[in-house]
Amino acid sequence: DQQQEAKDQQAKEGLKVGIVLSSGGKGDKSFNDSALRGLDRAKEEGIIADYKYIEPKQVSAVEKGLRFLAKRDYDLVIGVGFMQHDAVKKVSSNFSDTNFAIIDSVVKNDNVASLTFKEHEGSFLAGALAALMTTHEEVKGINQQQVVGFLGGMDVPLIHKFELGYTSGVKYINKTEGTNVNVKIAYAGNTPAAFNNPAKGKEIALAQYGAGADIIYHASGGTGGGLFKAAKKTGHYAIGVDSDQDWVEPGHILTSMQKRVDNAVYKIVKKLKNDNFTTGLKVYGLKEGGVALTSLSGLGPMTKIAKDLGDISEEGITKIKEMKARIPDEVKEKIKEIRQKIIAGEIKVPNYLKQNK
Amino acid sequence: MAPILEMRDITKKFPGVLANDHVNLDLNKGEIHALVGENGAGKSTLMNVLFGIYQQEEGQVFYKGDPLNIDNPNDAIDLGIGMVHQHFMLVPPLTVAENIILGEEPTTGFGNLNLSKAIKKIENLSQEYGLNVDPRAKIEDISVGMQQRVEILKALYREAEVLILDEPTAVLTPQEVKGLYKIMNTLVDQGKSIIFITHKLDEVLTVSKRVTVLRDGKSIGTVKTADTSKTELAEMMVGREVVLQVDKTPAEREEVKVEVDNLTADNDRGMPALSGVSFKIHGGEILGVAGVEGNGQTELVEVLTGLRKAKAGSFSLEGQSLFNESAREIKEAKVAHIPEDRHKHGLVLDYTIEDNLILGYHYQAPFAEGINLNFNALDKHAQRLIPEYDIRPRNKNALARSLSGGNQQKIIVAREFDLDPEFLVASQPTRGVDIGAIEFIHKRIIEQRDAGKAVLLVSAELSEIMSLSDRIAVMYEGEIVDIVDANKTTEEEIGLLMTGGKAEQTS
Amino acid sequence: MPEDINVKNILKELLIPLLAIVSSFIIGAIILLSSGYDPVATYMSLFQGAFGSLNSVANTLLQATPLIFTGLAVAIAFRAGLFNIGGEGQLLVGGLAAAWVGTWEGMPMVIHLPLTITVAMLAGALWIAIPAVLKAKLGVHEVITTIMFNYIAYSFTAYYSLKVLAKPGNIQTPNIEPSAYLWRFSNIIDMYSYLNLGFIIALVVIGIIYYLLWKTTIGYEIRAVGINPNAAEYGGINSTKNIILALLISGALAGLGGAERALGLFHNYRSGFSAGYGFTGIAVALLGRNHPVGVFLAALLFGALANGRTYMNMMAGVPVDLVNILQAVIILFVAADLLFRRLLAMGSEGRKE
Amino acid sequence: MEFLTAIFDLGTLRSTLRMATPLMLAAIGGIFSERSGVINIALEGMMLAGAFIAVAISSFTGSAWLGLLGAIVFSGLFALIHAVVSIRYHADQVVSGVALNMLAAGGTVFLLNIFFNTSGTSPSVNALPYWGIFKPTVYLALLIVGVSYYVLYYTSFGLRVRSTGEHPHAADSVGINVNKIRYICVILSGMLAGIAGTHLSLGVLDSFREGMTAGRGFIALAAMIFGKWHPFGALGASLLFGFFQAIQIRLQGVLPIPNAFIQMLPYIFTVIALAGAIGRATPPAASGEPFEKGKR
Ligand SMILES: Nc1ncnc2c1ncn2[C@@H]1O[C@H](COP(=O)(O)OP(=O)(O)OP(=O)(O)O)[C@@H](O)[C@H]1O
Ligand SMILES: Nc1ncnc2c1ncn2[C@@H]1O[C@H](COP(=O)(O)OP(=O)(O)OP(=O)(O)O)[C@@H](O)[C@H]1O
Ligand SMILES: [Mg+2]
Ligand SMILES: [Mg+2]
């Protein structure tokens, strides 16, 4: 009875969502922050009453966190990251009355919504943009050499998915435009620490810039912070990942390949509120707005937030605007075109994870 | 003449030991003052108090009539007191010059070392006192005798007026000892005063002006060297009749049991320590090994007990070769070993008496069954040996660490003798042991001999060698210079042999 | 022969670790207060998270299990006078080996499980073999070599698990066969915890190590070498052999810890496999005075801290890293036990006078 | 031949020097500590603490220089814990070091939460400016190597440090305050590690990231051993390890050796050095032993 009461109480107060973050934790400026932003938005809009996040420090704590949330009758329990696959599967089987969602992995249980993203599609666009830009020597910060770079964090398949999408984008441009753009590829390491090593990230970036690259795309978590410093130092460009990172080093981050985890999270929370929550696989690609480059002409979503919060100066905003203005219109057009083609299925972007199976 | 230095009623305690008990000592200017006493009498402690390494609980030091507090070596050094420690206080990888200036470094602003100035000063000092050291050599590369001269230079460099030499001769060859006397005499001629600690009464008589005797932490008295004799000093030191009279029937020699031939071995530093050592020991015989410490006795014992590999030679017991066998195999061949340093080798101090009583035999029946220890057997063993060898306390679970030195030694003796060995190697068996225990151990050694066992006895105490041995082998620089019949020799003859005298005599 | 077991001694042995724990919690409380948290609520939630329900208790034991193994690994090396800082690497390699052999198909459990566990122990032992031999033969300090082997293990296991064992596209090695599972208690008790047979094995191993150290000639020799290698040598004890033996046992124990994680908890090898168990094992051994029973108690404490902290974070909002701070401070206090000895000595002297 | 051109350019050398900088700083710290007789495996933690404090102070004051200064002071204080615990209370120095590493790892993230309300990356703060092609910390590191060599071998302090680590009783017997020397050296090692950490957080970057030292403290330890506890040896070893990292970045995908194996190299070299294959590396005789007056 007490439980029932508690439930009623809760129902009155509104929805409560629990989320177990991935190892980068809150403040990773990408993945987790993006998910939390989706919840923040939902909270602001009154869709949910509150949410609770958990930062597990070790693999085995993930399941405990999920279970903790499930037991406390959270209306939706979200697991962030492919590492949580087993844990979400297990806990969702135990709590068949609770709604679950997992991000970046697929759990085939009746009460789980699996939110996955076509990172390869976004990365393809990033690759195409980089390849197109590197030939525009007239643009400030672009050199003569036709070289671009990729910085990976830990050498794991998921990161190769970004890499393959990116290199495919470059190849596509080479084929269609007749250019001969080369990609330098490097990974920061073999252990999870490779996502936490910005000093090494900077060295890798400097090495690639030194070898002629002028645009480097990264999929390396916190290690990417070093890339941005290197871009600033050398006057070249970087492409951010996961969330809108354009504002982190204003004027040097050409665009960011956003995984709109926030959108995905926001959407399912909203559906929950509206009682049309559905489980099963949800794939977010370019078409669904699940992955996207930040605007090539204006400010990205995080940049706007940062501006509101005062985390970025007016001068920074100007720098970003100036940089975006430097991107030739033909490039912008081309990217738009490619995007449409991918959405329309005219361009097939290879998925590293599928390809190998 | 007023003494330059006086120590009055110095009392220093260590946990469980009254190392110095109201000790008095005074030193005149220009005097060599010998300080003697048995092991553990408190000599080093007294000097460490004087040098500020220890603080006395009671008593007062006066220097040139003024009372002083010496709280650390700096104070002592500032007063002009220098000390050459029993165990050298030199840093092996540093050079002679660096060692000498350490703590008193000449600098040229900003703490910048002025080594050339130091080297010049050292060279001058070295010349002045005839010390002959190379300031640029590294300590680890020079001989022990040279190291000692470095220690003396260290004191002179600090312009010491009073020099404490703690057992400086124990590690020296006879030539080096003579050299040291010369240096000491030069020093006193220059107005310095020396406190000289030694165990060798001959040395006392040779160089000192006066002698202070310590026994059991108390000062027994101070006498003029000219007015005393070896016997009197020995009596003061021991507190009773000097020569340890051991009841000993003549040896009943049996067949040859132990044969050692042409042993050659290096010491820890890779220098030759044994060169062609040969001897035989019969059943029912004690072969004493005499010699100044550091002439290869330690290495000989280690080779015979499996703790050191020899480079060449042979060693057999009752015809069975044990040459370069492991310690375990040698033990199994019934060779017992009372080690020179019981803390280092003989005991696991944090083991109980019971556990120590099986060290080396722990894997054999009845103590072990397969890999399991048989606690009944251990218990029985301890309950039998503890009273038999009068080990105190009578608690088999007491840690060896908590026992007095004599009782620690009894654990070893009990364990090794209970094996009923064929060959007993006893090295410094009574070092640091009280009189009662000494007699006990001596009796046991003789019992072994009378039971027909072969005994090798190594000791720095000549009296011990003289009174126990049937024959005496004298070691000098890694060789046995002679083997003499104990009944037909004198301390003088042995003493001469110990300094390599034989070779001089015959050539 | 075994250390005197009487109440007074046990209390004396326990006193300093207890003081260390209490002091660290006081320091923790000060940190909490100055960061604006409520220490009482924090510690309450920490405690509740660790022991609040059957499931929590089981999870505490689950967290303690690898620490028992690594703690014993450090302790047995300590007893031989050696310092194994490489437990982390040995555990990883052991876990990887278990996850690999565990995937072999077509064997009955009675063969497969023991085989897998044995291989894991061998792998752990192998990982310390070079430091062990270098130490025994050349006197090379094992602290540095085992640290170096940790780092070699990080790279090696990452490479081998991802590039060799894992199916393309996977971030973990394939799941092991059920015949290599360590049986879970949740099979018969209604709980979620993955507490498994590994815990029982840990208890048995505690007994074995205790027996080995104090009831056998092997232990007699190992401890003798640890206390006084010269005396051991004099007693015909081959210190080279015993150093190598003790370290191999140590490595094997850490490897066994890895096997428990692979066969009982994860059923595979993955990145993030160890939460620093090898390093925490040092603390566990130290706190447990290098005694198997002490190791057990210390592992329980550290297991409880590690288990309770998630709940603490969720209920009190305190960052889980507080627990790392607490653990570090506990170690510092235990290591600096002289502090308490001096304080206690002062206290008792004061009373006498 | 592609890999040769990939390795040998000016960029590689610069990269080598930048990556060697934190290694040499921390290794020199290790040298002082161990030369005085105190094993310091907490270099990693001291570096991490320094990296964090530098960012925190730069964030609050807006001055990266104050950040550097603060990191030096704070890491010195942090090292003081190691000093007190292991010198005054005779704790096992390895255990104390392990604890300090844990404390730094936990403490920095805890404070990251308290100060910046995040457990990943701190906000960007003012970083150290460039002086020519490098950050000041690079020049500082090189300077410190030279000065350390001079101090250790040409000053009375250095002589005392060396004697303390080899034979503390000998040092004591000539009136040197052994524990004072050890305190100074351990604190110094913390301060140097603090500079190393600042190099990472305010030199290379402008923010703190959880665990950002990523094992560099242990490579520094390896460099110290490989360099046989000599400042120039440590410099050489640091440059070598820096060079490994620099070429490892550049050789990815060029040579058919997996990355993982190149990353193992510094550690493997250290083991080989210790084993005596590259000339025996023997630590100072008394390192690891607490000094007790009168103990024989
Ligand atoms: N720290 C200590 N605690 C307790 N007893 C000790 C300590 N150090 C030495 N002893 C004991 O004091 C006695 C004399 O020790 P000491 O070190 O002075 O001998 P020694 O002078 O080195 O011998 P030798 O004259 O043969 O060189 C020995 O019985 C030894 O066991
Ligand atoms: N540091 C110490 N701690 C405890 N006991 C000590 C210490 N130093 C000496 N002792 C004890 O004090 C007593 C006197 O020792 P000391 O070293 O002064 O004798 P000694 O006359 O120099 O002997 P030796 O002729 O062997 O050198 C011995 O019983 C010894 O055990
Ligand atoms: Mg270009
Ligand atoms: Mg003495």
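Below, read A as the first sequence line, B as the second, and so on, with proteins coming before strands; counting in each chain starts at 1.
- Dense packing is recorded around CG of L19(C), with more than 12 heavy atoms of other residues, nucleotides or ligands lying under 6.0 Å away.
- For I85(C), the part lying near chain D is the side chain, with the backbone staying farther off; criterion is any non-hydrogen pair under 4.5 Å.
- With a 4.5 angstrom heavy-atom cutoff, I219(D) does not touch chain C via any of its atoms.
- Contacts between F333(C) and chain D at a heavy-atom distance below 4.5 Å are absent for every atom of the residue.
- Considering only heavy-atom pairs separated by less than 4.5 Å from chain D, the leading option among F279(C), Y160(C), F83(C) is F83(C).
- Sorted by first and then second residue, the salt bridge (Lys or Arg N to Asp or Glu O under 4.0 Å) pairs with a member in residues 137-157 of chain C read K135(C)-E142(C); sequence neighbours excluded.
- Both the backbone and the side chain of L332(C) come within less than 4.5 Å of a heavy atom in chain D.
- Contact detail for Y89(D) and L338(C): the closest heavy-atom pair is O-CB, 3.3 Å.
- Only the side chain of T270(D) comes within less than 4.5 Å of a heavy atom in chain C; its backbone stays farther off.
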Passes side-chain contact (heavy atoms from CB on, under 4.5 Å), V320(C) versus F110(D)? Steps please. CA-CA 8 Å; V320(C) 289; F110(D) 186 83; over 6 Å; no
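- Using a 4.5 Å cut-off between heavy atoms, L286(C) touches chain D through its side chain atoms alone.
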Apply side-chain contact (heavy atoms from CB on, under 4.5 Å) to residues F156(C) and M264(D) and explain how you reach the verdict. CA-CA 8 Å; F156(C) 173 78; M264(D) 293 176 195; 3.6 Å; yes
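- For the residue pair M102(D) and N324(C), the shortest heavy atom distance occurs at O-CB, 4.3 Å.
- Only the side chain of F149(C) has a heavy atom closer than 4.5 Å to any heavy atom of chain D.
- Heavy atoms closer than 4.5 Å to chain C are found nowhere in L112(D), neither backbone nor side chain.
- Contact annotation for I152(C): both backbone and side-chain heavy atoms come within less than 4.5 Å of a heavy atom of chain D.
- The shortest non-hydrogen separation linking S35(C) to I114(D) is CB-CD1, 3.5 Å.
- More than 12 heavy atoms of other residues, nucleotides or ligands lie within 6.0 Å of CH2 in W229(D), so this atom counts as buried by the packing criterion.
- A328(C) and A99(D) make their closest contact through CB-O, 3.3 Å (heavy atoms, listed as atom of the first residue, atom of the second, distance).
- Proximity to chain D is limited to the side chain of I147(C), based on heavy atoms less than 4.5 angstrom apart.
- Chosen from I144(C), I130(C), V133(C), I282(C), the residue pairing most often with chain D at heavy-atom distances under 4.5 Å is I144(C).
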Go through L103(D) and V329(C) one step at a time and tell me if the side-chain contact (heavy atoms from CB on, under 4.5 Å) criterion holds. CA-CA 7 Å; L103(D) 189 58; V329(C) 176; 4.2 Å; yes
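- With sequence neighbours excluded, the residues that form a side chain to side chain contact (heavy atoms under 4.5 Å, CB included) with A246(D) are T12(D), S15(D), T16(D), M19(D), R250(D).
- Residue Y267(D) comes nearest to M148(C) through the heavy atom pair CD2-SD, 3.5 Å, listed as atom of the first residue, atom of the second, then distance.
- The part of I81(D) that comes within reach of chain C is its side chain, from C-beta onward, which places non-hydrogen atoms under 4.5 angstrom from that chain.
- Between the CG atom in D321(C) and the OG1 atom in T108(D) there is a gap of 7.5 Å [rounded to 0.5 Å].
- In this structure, chain C has a heavy atom under 4.5 Å from the side chain of V98(D), while its backbone stays farther away.
- If you take CZ on R341(C) and NE2 on H90(D), they are separated by 13.0 Å, rounding to the nearest 0.5 Å.
- Interatomic distance, L274(D) CG to L134(C) CG, rounded to the nearest 0.5 Å: 8.0 Å.
- Within the 4.5 angstrom heavy-atom criterion, only side-chain atoms of V318(C), from C-beta onward, approach chain D.
- By the 30° and 60° cut-offs, the orientation of the rings of Y159(C) relative to F261(D) is perpendicular.
- Taking all atoms of both residues into account, the shortest heavy-atom contact from V140(C) to A275(D) is CG2-CA, 4.2 Å.
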